[in-house]
Amino acid sequence: MQQTYTPSDIEKAAQQYWESTQAFKAVASKDKPKYYCLSMFPYPSGKLHMGHVRNYTIGDVLSRFHKMKGYNVLQPMGWDAFGLPAENAAIKNKVPPAKWTYDNIEYMKGQLKSLGFAIDWSRELATCRPEYYKWNQWLFLRMLEKGIAERKTQVVNWDPVDQTVLANEQVIDGRGWRTGALVEKREIPGYYLKITDYADELLKDLDTLEGWPERVKLMQANWIGKSTGVRFAFSHDITGDDGKLINDGQLWVFTTRADTVMGVTFCAVAAEHPLALHAAKDNVALAAFIEKCKHGSVMEADMATMEKEGLPTGLYVTHPLTGEQVEVWVGNYVLMSYGDGAVMGVPAHDERDFAFAKKYDIAIKQVIANGDKPFSLDGWQEWYGTKDGICVNSGKYDSLDYTAAVDAIAADLAAKGVGEKKVQWRLRDWGVSRQRYWGCPIPIIHCDDCGSVPVPEDQLPVVLPEDCVPDGSGNPLHKRADFINTTCPKCGKPAKRETDTMDTFVDSSWYYARYATGAGATTMVDAETDYWMTVDQYIGGIEHAILHLLYSRFWTKVMGDLGLVKYREPFAHLLTQGMVLNNAFFQKPEGGGKNYFWEEELDVQRDAKGLITGAKLKSDGSVLEHELTTMSKSKNNGVDPQALIEQYGADTARFFMMFAAPPEQTLEWADSGVEGAHRFLKRVWAFGHGLSTEAKAEVTGSLSEDLANARREIHLTLKQASYDLSKQQFNTVASACMKILNALEKVQKDAAAGWAAVAHEGFSILLRVLSPIAPHIGHVLWQDLGYGSDILAAAWPEPLEAALKQDTIELMLQVNGKLRGSVKVAADVSKEVIEATALADEMALKFMEGKAPKKVVVVPGRLVNIVV
RNA sequence: GCCCGGGUGGUGAAAUUGGUAGACACAAGAGACUUAAAAUCUCUCGGCCUUUGGCUGUACGGGUUCGAUUCCCGUCCCGGGCACCA
């Protein structure tokens with residue numbers, strides 16, 4: 001074997017071996033338990049970044065570990081290939097999104113292959129291929145039939161200059177990212193999937209997901225947001241132009257605080273609410289305010305932080321319990337699309353209403369008391385808003401607590417026929433229509449006579465033309481007569497195709513099932529899918545904790561209800577990988593937004609601790625701001641792993657990435673430890689080279705103390721590493737590899753008889769623990785040292801009790817909880833003997849200062865604490 | 001603003017989830033080898049002090065406990081998500 005460690009040769013040889021033996025081709029088989037290990041597929045943005053390397057190395061370590069444990073492993077890979085960045089690239093470079101995407105896929109696939117991942121490439125898919133998205137369309141049509149999909153109106157960001165719908169990401173400080181024009185809210189028709197019909201099951205089934213992190217389940221539960229409240233109506237006799245009562249003379253609201261209904265002093269409605277529009281007809285100021293509300297953001301974060309503003313309508317409604325007249329206001333914080341587009345205002349017991357009432361001088365009426373805490377109008381107190389209190393100033397409801405008051409008030413409202421208890425979900429239906437070109441066409445044909453007609457199944461897929469070049473204004477499909485013009489499937493007259501495409505979350509909601517179908521499947525899923533599903537281990541970024549994972553769970557349940565699959569949940573175990581962060585440098589140009597620059601374009605100043613104190617553009621010296629954020633194409637801060645792979649090899653890149661931090665932890669990227677990882681692999685190689693000429697033998701008989709200690713250290717470390725692997729804590733598995741090598745190197749080669757046996761035993765353990773992380777060097781050394789032909793077929797090592805055995809153990813000695821020394825005792829000694837030994841210890845006596853022990857705490861195998 | 005995480009040496013981190021704080025590394029410093037450099041190897045490395053010893057120390061302030069990085073309450077800071085980025 002070669003004397004020097006040359007990753008390029010080693011990695012080529014190992015990869016050729018895997019390729020020629022089809023080592024990672026997954027074949028359904030009942031002989032072994034199956035292990036479906038899935039990493040979230042990448043968006044083909046151009047190059048891999050460190051987040052990808054982290055994600056896929058984690059998946060690969062788990063895949064290879066399970067292969068060695070005797071599982072039938074499936075690890076597939078594919079491309080989340082539709083999306084906005086391809087259109088942005090098209091605008092910039094005048095290249096069709098399809099070409100850009102396919103070129104990126106080809107390059108990134110090469111990068112993934114060079115990292116030596118144990119992927120079954122025969123199952124590769126790209127969501128922009130008709131043979132894949134055909135089934136999006138097919139399932140969408142099934143959902144339409146079942147009433148799970150429906151057409152209604154949606155609110156979008158509209159750029160009036162480009163005449164284009166903007167994604168939230170493209171709205172910067174209320175303006176279009178390219179035009180700088182003030183963005184308007186606009187209502188347009190679109191398709192929704194009724195995920196709210198599944199809210200209950202999506203919430204309940206979280207309890208069955210034992211392999212999911214608690215925090216993700218908690219986030220999903222909060223997102224679904226089940227709350228029980230009361231929906232009730234204020235009455236009015238306001239008539240519209242047609243002479244009829246607006247909304248049948250009822251203003252409906254929903255509240256989770258029905259116990260405070262007696263404290264209502266105003267109502268607030270959304271700017272688009274019929275009462276608001278009615279009042280605005282002869283109120284210029286109100287009309288202007290409503291117009292202004294149209295320019296607000298549709299994003300929840302903006303809604304929650306913006307200044308709450310409102311205007312009175314001059315209209316009054318009647319309180320259903322008190323009969324009092326309550327004024328209706330228009331509030332910029334009330335959403336028409338949420339509930340009934342109206343809310344009750346209880347300033348005394350809702351922080352937002354309190355601020356609103358103070359600002360506009362609306363009455364504040366206390367109806368909840370907490371002990372004898374004084375209620376003051378001066379400032380908001382935390383307790384005003386809590387549910388622990390009793391009703392006051394509430395007539396017959398006085399002295400009731402929260403639960404009793406809600407029950408009584410709900411009953412009275414129900415008796416009058418103007419209200420009822422209602423379960424309310426925070427979760428909203430999933431709007432899937434996108435006014436964008438590079439996505440899966442929605443299979444609908446619009447006919448002047450027949451309306452919206454589903455495309456017949458035998459005409460699927462509706463194929464997206466791949467040669468369009470978007471220019472940023474409107475959807476380029478509108479200019480494609482060959483795509484748009486068709487005939488109505490119902491009446492045969494000329495008709496137009498829907499040009500909206502589907503949300504890319506649709507594509508990623510079921511790809512895991514498609515990987516598992518057999519080659520050449522003629523249905524969406526097949527019998528082989530049943531063998532592989534569910535996914536045993538899913539790995540991906542924590543940023544997907546809610547949306548993608550919730551949509552996938554929903555999609556699975558829909559497929560289940562359509563009889564396509566038997567499982568109700570797609571992912572048994574979930575590992576949420578921490579994000580890889582890097583500094584991003586930007587300037588804020590006039591008109592808002594952020595312009596990002598690559599660090600190479602800048603001079604970055606740092607203080608003695610390495611913290612960034614400032615950054616200037618090399619070209620003109622202008623000053624930049626910086627933030628620590630996720631690596632992404634749009635922020636010009638992604639670190640391409642290619643240079644690392646070329647300089648040090650894939651094994652170093654993988655090993656370093658695993659060593660740098662535990663997988664779930666956020667990682668601030670710095671390559672300062674890469675050298676160390678590489679040095680370690682060089683030492684592994686050198687040790688293997690030295691050992692390759694030593695005869696192999698079983699460890700027998702008694703060993704010298706040094707050898708026995710080294711062997712115990714190795715087996716102890718192995719035990720810890722196996723435990724760490726079960727916890728999916730790979731950074732300490734990597735350091736375990738280093739500890740084993742340190743132990744092996746520490747004993748002199750000629751120290752004693754039996755050295756070679758211990759060294760071979762230890763080194764073969766090292767290679768097996770190391771190989772899931774650094775598979776190339778593991779594979780080649782395993783062969784070169786003659787341990788076997790394929791390390792993947794080798795059994796996972798088990799620590800030997802004989803090697804771990806110890807006669808005496810050392811316990812830490814504490815006096816009053818402070819470390820004062822240690823005591824050595826026989827390993828099998830009783831608590832009483834330990835106590836006696838400790839109390840007789842010189843250091844113990846010194847720090848007891850002659851006082852009698854009050855208590856002696858003995859923790860077996862760890863410590864003894866004398867309390868005086 | 002709301003929901004979910006995180007904060008430990010100069011740096012990345014570890015601590016078998018209440019039991020020796022800083023394993024394993026990186027960086028730095030000193031030394032060995034070398035004509036020299038690289039590579040490699042050895043040693044030192046949280047802070048303070050009166051240094052074969054002691055005090056102190058896990059963002060900050062309290063609490064529970066024989067014992068707290070770990071559990072509880074409060075505060076500050078950082079990251080993720082907030083429904084059209086993926």
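Chain A is the first sequence line, chain B the second, and so forth, proteins listed ahead of strands; every chain is numbered from 1. Note that the structure is predicted; figures quoted are calculated from it, not measured.
In this entry the base of B/G9 is syn relative to its sugar, with a glycosidic angle within 90° of 0. Applying the 90° cutoff around 0 to the glycosidic angle, B/U51 is assigned syn.
Among the protein residues, A/V156 comes within range of the nucleic acid bases, having at least one heavy atom under 4.0 Å from a base atom. When heavy atoms are screened at a 4.0 angstrom cut-off, A/H548 is found touching no nucleic acid atom at all. Contact annotation for A/Q729: backbone-only contact, meaning every heavy-atom pair under 4.0 Å involves sugar-phosphate atoms and none involves a base.
Nearest nucleotide to the side chain of A/K682, out of B/G80, B/U40, B/A14: B/U40. Ranking B/C4, B/A86, B/A14 by closeness to the A/M219 side chain, first place goes to B/C4. Out of B/G80, B/A13, B/G1, the shortest distance to the side chain of A/A304 is found at B/G1.
Taking the centre of each ring, A/Y132 and A/W510 come in below the 6.0 Å mark.
Taking the P atoms as reference points, B/U64 lies 15 Å from B/C73, given to the whole Å.
Among residues at least two apart or in separate chains, side-chain hydrogen bond (donor to acceptor under 3.5 Å, both in side chains) pairs with a member in residues 651-664 of chain A are A/D60-A/R654, A/T576-A/E664, A/D651-A/H776, A/T652-A/H678.
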* Structure fact -> In 5'-to-3' order, the base (B), backbone-only (S) or no-contact (-) status of each nucleotide in nucleotides 66-77 of chain B, using a 4.0 angstrom heavy-atom cut-off, is B-----------
